[in-house]
Amino acid sequence: MEYNFRDIEKKWQQKWIEEGVYKVPNDSSRPKYYVLDMFPYPSGAGLHVGHPLGYIASDIYARYKRLKGFNVLHPMGYDAFGLPAEQYAIEHGVHPAISTAKNISTFRGQLDKIGFCYDWSREVNTSDPKYYKWTQWIFLQLFKSWYNRKNNKTEHIDGLIKIFEEEGNINHPVPDAKFEIRNEKFEVLNGKFSADQWKTFDEKTKHDILMEYRVAYCGYGEVNWCEALGTVLANDEVVNGVSERGGHPVVKKKLRQWYLRITEYADRLLEGLQKVDFSDAMKEMQGNWIGKSSGAEIDFAIDGHNEKLRVYTTRPDTIFGVDFMVVAPEHELVEQITTSEHKQSVEDYIAYVKSRSERERMAEKKISGVFTGAYALNPFDSKKIPIWISEYVLAGYGTGAIMAVPSGDERDHKFARYFNLPITNILGDAYNGEEANPTKDAVLSNSGFLNGMVMRNAIDIVINKLEEMRIGVRKVNYKMRDAAFSRQRYWGEPFPIKWINGIAYPLDESELPLELPHVESYKPGPEGEGPLANIPEWTSQHFETNTMPGYAGSSWYFLRYMDAHNDKEFCDKKFSDYWNQVDLYVGGTEHAVGHLLYSRMWVKALFDLGLISFDEPYRKLLNQGMIQGSSRFVFRVRGTNQYVSFGLKDKYETDELHVDVNIVDGLELNIEEFKKWRNGEYADAEFILEGEKYICGVETEKMSKRYFNTVDPSDLCNKYGADTFRMYEMFLGPVEMSKPWDTKGIEGVHRFLKKLWRLFFDEVKGNLVKDEKATPEELKVLHRTIKKIEEDTERFSYNTAVSTFMVCVNELTDLKCHKKEVLEQLIILLTPYAPHVSEELWHQLGNASTILDASFPKLEGKYLVETTKEYPISINGKLRTTINIDLNAAQPHVEEIVLANPVVQKWLEGKQPKKIIFVKGKMVNVVV
RNA sequence: GCCCCGGUGGUGGAAUUGGUAGACACGCAGGACUUAAAAUCCUGUGACCCGCAACGGUCGUAACGGUUCAAGUCCGUUCCGGGGCACCA
């Protein structure tokens with residue numbers, strides 16, 4: 001009987017589904033564990049070998065935890081709304097719902113082949129009205145909420161209305177208005193009103209004011225508009241001035257948009273990182289994105305004007321080194337302060353800045369600017385400071401104006417040099433006259449009352465002084481902006497909002513879901529609106545024509561798995577209390593500042609509103625590496641049909657052509673397959689071989705159909721089996737590591753499984769398994785394996801775990817061990833890694849129930865303790881080093897101690913120790 | 001430019017806290033079985049030196065220096081690669 005993986009895998013995949021072995025109950029006496037994969041976007045290209053890497057890693061852990069006695073939630077679903085399906089619809093006229101359904105079934109087929117233990121009864125699909133009903137519902141909760149800075153909580157807007165009725169907004173000023181919400185009355189009042197005034201406002205004004213506070217709000221703002229995609233993009237979807245998807249140019253445009261007030265959560269998002277187990281790199285990325293900095297806002301008097309110039313700085317200690325001021329070209333004071341003689345040049349400069357695209361500005365980064373003719377006054381020594389305009393100061397950050405300290409800031413220094421402005425040295429020797437020194441550790445000079453002080457210590461002193469003089473305040477700033485939450489697109493969740501006379505009315509809960517209507521055309525509507533604006537039945541009901549962005553559905557999906565079919569609530573609190581946080585979340589780093597940040601914010605809002613009981617969604621995050629493609633090339637001699645092997649190509653003038661990796665064995669081209677490739681396009685090819693072989697060129701590239709370097713996991717499953725495929729993916733290297741895919745080597749893992757099989761069955765002799773007592777030596781092998789597999793699995797070191805299995809099987813083969821007692825335990829260990837073959841062997845051993853319900857072997861018995869333990873060693877009383885002591889070989893009696901490490905042993909011999917003394921079981925004293 | 005991570009045989013990669021570097025696998029070479037092939041099994045495989053041989057010795061984890069009885073691991077400097085951020089005051 002041989003290892004027939006095809007039959008085995010087919011049989012068990014069917015049985016597992018029939019018997020519902022992966023169905024997980026929502027209550028259990030077992031402790032819970034939640035293992036989650038970042039659900040995929042079902043693209044038309046299907047899965048390649050890169051995708052399952054993380055899925056396999058999480059599947060192993062889920063199965064392992066189940067064996068360990070946990071009730072494990074391990075679901076899967078689809079992030080099905082998004083741009084590509086809509087682009088496909090535009091190009092091919094296929095409705096996104098149809099292409100998405102088709103893609104999902106392809107994905108499902110591929111996933112099923114690999115043998116994952118997903119509880120498919122909990123499958124979610126973000127584009128399913130039954131799902132997005134609740135996305136819309138949560139949106140409404142955010143819409144009906146505001147962020148109370150007094151207690152740092154998301155609260156219902158009714159509470160705010162009550163406050164306004166009682167005291168106006170004196171204690172709750174408008175959050176920093178980053179995006180205009182147009183209301184004249186409100187502007188006249190300068191954003192402040194009393195309770196009495198509130199009561200006199202009409203409905204529209206009240207609505208506009210409340211909009212300034214809502215967590216999900218609508219306003220006019222500069223957005224990243226991508227003409228080619230016909231939509232607005234979030235900051236994290238724009239890379240270097242072009243769209244992340246497709247690389248189309250992106251420009252700033254003012255449009256009516258929905259936003260999430262994520263900036264209010266900035267501090268909590270930052271603090272929350274301390275209590276979750278994310279990699280340092282991930283925490284740093286999120287930290288950078290949030291970009292917290294603390295410093296002060298300082299008002300500078302402007303010579304000859306009543307207005308003050310307010311700047312933000314993190315370095316108030318350098319205030320005596322301010323040689324000029326710079327304001328952003330869009331700064332509101334520009335017009336007022338510009339003197340008549342500089343008017344023309346300022347206007348020219350602003351026109352120049354406007355003419356430059358975001359992209360040009362980023363790419364060139366050249367020094368430019370213009371003097372306004374106005375002067376600010378240093379509050380401490382009344383020095384006249386010229387005010388300049390330059391695009392290197394951003395209108396959207398801080399106050400849009402800075403105090404420039406050329407001796408301490410590189411950009412200011414370059415600017416000063418370029419325009420020949422004087423540079424005041426406040427750093428003494430620490431400034432070399434050539435380049436700025438941003439240190440905080442220099443001693444201040446030329447700095448009035450700060451002279452002689454270390455800069456670091458001067459910061460607080462200056463801020464206190466400024467506050468005393470009432471011209472400055474301590475201030476914290478964030479780089480993060482509120483998140484744009486609307487897309488001018490069709491294939492997304494409709495907003496459950498009706499616009500009547502400029503007022504946004506939320507739909508009633510009973511009206512949800514607001515289903516996406518059917519459209520014939522996906523063309524944009526008038527004035528940059530989405531396709532929904534073209535549908536009379538939609539607009540006549542005054543529905544919002546934007547749709548939600550891709551991250552809406554993915555911000556809360558992990559909660560829906562807990563209670564996937566509930567049509568009364570998004571998730572019964574009873575169940576979210578039970579399943580609680582995701583214990584292990586597996587996915588790529590590409591979602592560092594998008595999805596992960598948004599879902600963390602949603603969870604904080606839901607927590608504040610009392611809808612769930614935890615405020616961080618993911619307890620531990622495991623980032624799998626990217627699998628790159630390994631492309632193969634053939635070299636065609638130019639103008640001929642001859643193909644020359646890699647080693648000889650330099651003798652000819654050749655063109656490099658991608659060739660399908662799947663018809664190349666390692667580096668050697670399969671010539672027969674090549675001739676058949678692409679319907680015989682190369683049938684007449686001739687070859688110039690080296691040593692009777694055709695060797696291909698290699699390069700690492702992104703895995704993509706057009707490079708012919710994709711490898712379909714289903715093909716590998718068909719050829720070697722899912723168990724081999726799973727183990728091989730893990731064997732490639734650490735899960736976190738990125739690496740090019742290489743199928744070479746999969747044979748080794750396959751060989752291992754065949755060898756394992758031969759411990760149970762022999763082609764001639766049949767069943768080899770004996771129900772005999774294992775020898776100490778055999779148990780030693782087993783116990784060592786149990787220990788190692790447990791350790792390796794716990795720390796996600798799956799590649800070494802696979803090696804451990806190989807060593808174990810090799811050793812058992814050498815020992816000719818076919819004992820049931822040993823083999824049974826071994827295959828339980830193997831289940832998470834190779835579930836099909838383990839299940840089959842488990843049944844061959846006479847077990848009736850599934851191996852999934854077995855328990856992970858516990859280490860018992862004396863053979864287990866083969867460990868050497870390390871103890872500190874002191875020589876003549878002084879702590880010198882550590883030594884390993886074999887606990888099996890010796891009980892705590894000095895004379896019997898065996899030094900496991902020969903190096904130390906040798907060294908001790910050289911020293912001729914007179915005595916080795918054991919002290920308190922902790923420390924070994926050696927008297928030399 | 002700034003921040004993070006890494007650099008180990010022909011290759012992918014092991015080496016949990018400093019303790020016999022190179023586990024395991026691929027590849028390669030040789031052998032066994034076979035009419036042959038496939039499959040399977042065995043042996044060798046970092047470099048160099050000595051020797052008929054078992055064996056022994058020296059060097060070796062990007063480079064140099066340091067700490068230590070002991071360094072791939074810790075510290076310093078340099079070089080190279082990968083990732084992230086990038087006018088954020």
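Lettering of chains follows the sequences in order, A, B, ..., and the numbering in each one begins at 1.
- A distance of about 10 Å separates the C1' atoms of B:A15 and B:U8, rounded to the whole Å.
- Rounded to an integer number of Å, the gap from A:Lys414 NZ to B:C87 C1' is 10 Å.
- Every side-chain contact (heavy atoms from CB on, under 4.5 Å) that A:Gln628 has, sequence neighbours left out, goes to A:Thr700, A:Ser738, A:Pro740.
- Residue pairs meeting the salt bridge (Lys or Arg N to Asp or Glu O under 4.0 Å) criterion with at least one member in residues 735-758 of chain A: none, sequence neighbours excluded.
- Within the nucleic acid shown, A:Leu732 comes within 4.0 Å of sugar-phosphate atoms alone, with no base atom in reach, counting heavy atoms only.
- With sequence neighbours left out, the salt bridge (charged side-chain N to carboxylate O under 4.0 Å, His left out) criterion links A:Arg6 to no other residue.
- Set against B:A25, B:C87, B:G13, the side chain of A:Met737 has B:G13 as its closest nucleotide.
- Between A:Tyr397 and B:A89 there is a side-chain N or O to OP1 or OP2 distance below 4.0 Å.
- Going from atom NZ of A:Lys292 over to atom P of B:C3 covers 21 Å, rounded to whole Å.
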Polar-atom pairs under 3.5 Å, protein N or O versus N or O of nucleotides 4-10 of chain B: list them with distances, or write none.
| residue | atom | partner | partner atom | Å |
| --- | --- | --- | --- | --- |
| B:C4 | O4' | A:Glu284 | OE1 | 3.1 |

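- Rounded to whole angstrom, the span from the CD1 atom of A:Ile298 across to the P atom of B:A89 amounts to 14 Å.
- Put simply, A:Asn288 has no side-chain N or O that comes within less than 4.0 Å of OP1 or OP2 on B:C3.
- As judged by a 4.0 angstrom heavy-atom cut-off over every strand, A:Val311 is placed among residues making no nucleic acid contact.
- Aromatic ring pairs are classed by plane angle as parallel below 30°, tilted from 30° to 60° and perpendicular above 60°; the pair A:Tyr312 and A:Tyr397 is perpendicular.
- Pairs of residues two or more places apart, or lying in two chains, that qualify as salt bridge (Lys or Arg N to Asp or Glu O under 4.0 Å) and include a residue from residues 791-812 of chain A are A:Arg784-A:Glu811, A:Lys787-A:Glu791, A:Lys788-A:Asp792, A:Asp792-A:Arg795.
- Separating the P atom of B:G18 from that of B:G9 is a span of 24 Å, rounded to the nearest Å.
- Closest approach to the A:Phe731 side chain among B:A89, B:C24, B:U16 is made by B:C24 (side chain taken as heavy atoms from C-beta onward).
- Side-chain contact check for A:Tyr392 and A:Asp412: at least one donor-acceptor pair (N or O, by modelled atom type) lies under 3.5 Å.
- Residues meeting the salt bridge (charged side-chain N to carboxylate O under 4.0 Å, His left out) test with A:Arg315, sequence neighbours left out: A:Asp317.
- In this structure, A:Asp742 atom CG and B:A25 atom C1' are separated by 12 Å, rounded to whole Å.
- Each salt bridge (Lys or Arg N to Asp or Glu O under 4.0 Å) pair with one or both residues in residues 391-400 of chain A, not counting sequence neighbours, appears once here: A:Arg356-A:Glu391.
- Each of B:U16, B:A89, B:A14 was ranked by its minimum atom distance to the side chain of A:Asn799; first place goes to B:A14.
- With hydrogens and angles left out, the side-chain atoms of A:Thr793 and A:Tyr798 include no donor and acceptor closer than 3.5 Å.
- When rounded to the nearest whole Å, the span between CD1 of A:Ile319 and P of B:A89 equals 17 Å.
- Using C1' as the reference atom, B:G7 and B:G22 are 16 Å apart when rounded to the nearest Å.
- When the side-chain nitrogen and oxygen atoms of A:Asn810 are compared with OP1 and OP2 of B:A25, one or more of them lie within a distance under 4.0 Å.
- Annotation: B:U77 and B:C85 have their P atoms spaced 27 Å apart (nearest Å).
- Applying the side-chain contact (heavy atoms from CB on, under 4.5 Å) rule to A:Tyr418 yields the partners A:Ile367; only residues at least two apart in sequence or on another chain are considered.
- Comparing atom distances between the A:Pro734 side chain and each of B:A89, B:A14, B:A25 picks out B:A14 as nearest.
- Projected onto RNA chain B by closest heavy-atom contact, A:Arg795 and A:Ser803 fall at different nucleotides, the more 5' of which corresponds to A:Arg795.
- Between the side chain of A:Asp441 and the main chain of A:Met455, no donor-acceptor pair closer than 3.5 Å is present.
- Residue order along RNA chain B, read from the 5' end via each residue's closest nucleotide, puts A:Thr800 first among A:Asp814 and A:Thr800.
- Counting to the nearest Å, the C1' atom of B:C3 and the CD atom of A:Gln286 are 16 Å from each other.
- Annotation: B:G27 and B:U20 have their C1' atoms spaced 27 Å apart (nearest Å).
- Atom-to-atom, NZ of A:Lys788 to P of B:U16 comes out at 10 Å; the value is rounded to the nearest Å.
- Residue A:Met403 is out of contact with every strand shown, counting any heavy-atom pair closer than 4.0 Å.
- With a 3.5 Å limit on both pairing distances and Watson-Crick or G-U wobble geometry required, the stems of 3 or more pairs in RNA chain B span B:1-7 with B:79-85, B:10-12 with B:24-26, B:27-32 with B:40-45, B:46-49 with B:56-59, B:62-66 with B:74-78.
- Residue A:Asp814 qualifies as enclosed at atom CG: its count of foreign heavy atoms under 6.0 Å is above 12.
- Residue A:Thr804 places no side-chain N or O under 4.0 Å from the OP1 or OP2 atom of B:A23.
- To the nearest whole angstrom, the two C1' atoms, one in B:C79 and one in B:A86, are 25 Å apart.
- Across B:C2 and B:U78, the matching P atoms stand 12 Å from one another, rounded to whole Å.
- Considering only residues two or more places apart in sequence or on other chains, A:Lys620 meets the salt bridge (charged side-chain N to carboxylate O under 4.0 Å, His left out) condition with A:Asp277.
- Non-hydrogen atoms lying under 4.0 Å from RNA chain B are contributed by A:Gly748, A:Arg751, A:Lys754, A:Lys755, all within residues 748-755 of chain A.
- Between B:U61 and B:G66, the distance separating the two P atoms is 15 Å to the nearest Å.
- Among residues two or more places apart in sequence or in another chain, the side chain to side chain donor-acceptor pair (under 3.5 Å) test is passed with A:His750 by A:Thr724.
- Annotated as syn: B:G9, whose glycosidic dihedral is within 90° of 0.
- Nucleotide B:A89 holds its C1' atom 9 Å from the CG atom of A:Leu394, rounded to whole Å.
- Out of B:A89, B:U40, B:U16, the shortest distance to the side chain of A:Thr313 is found at B:A89.
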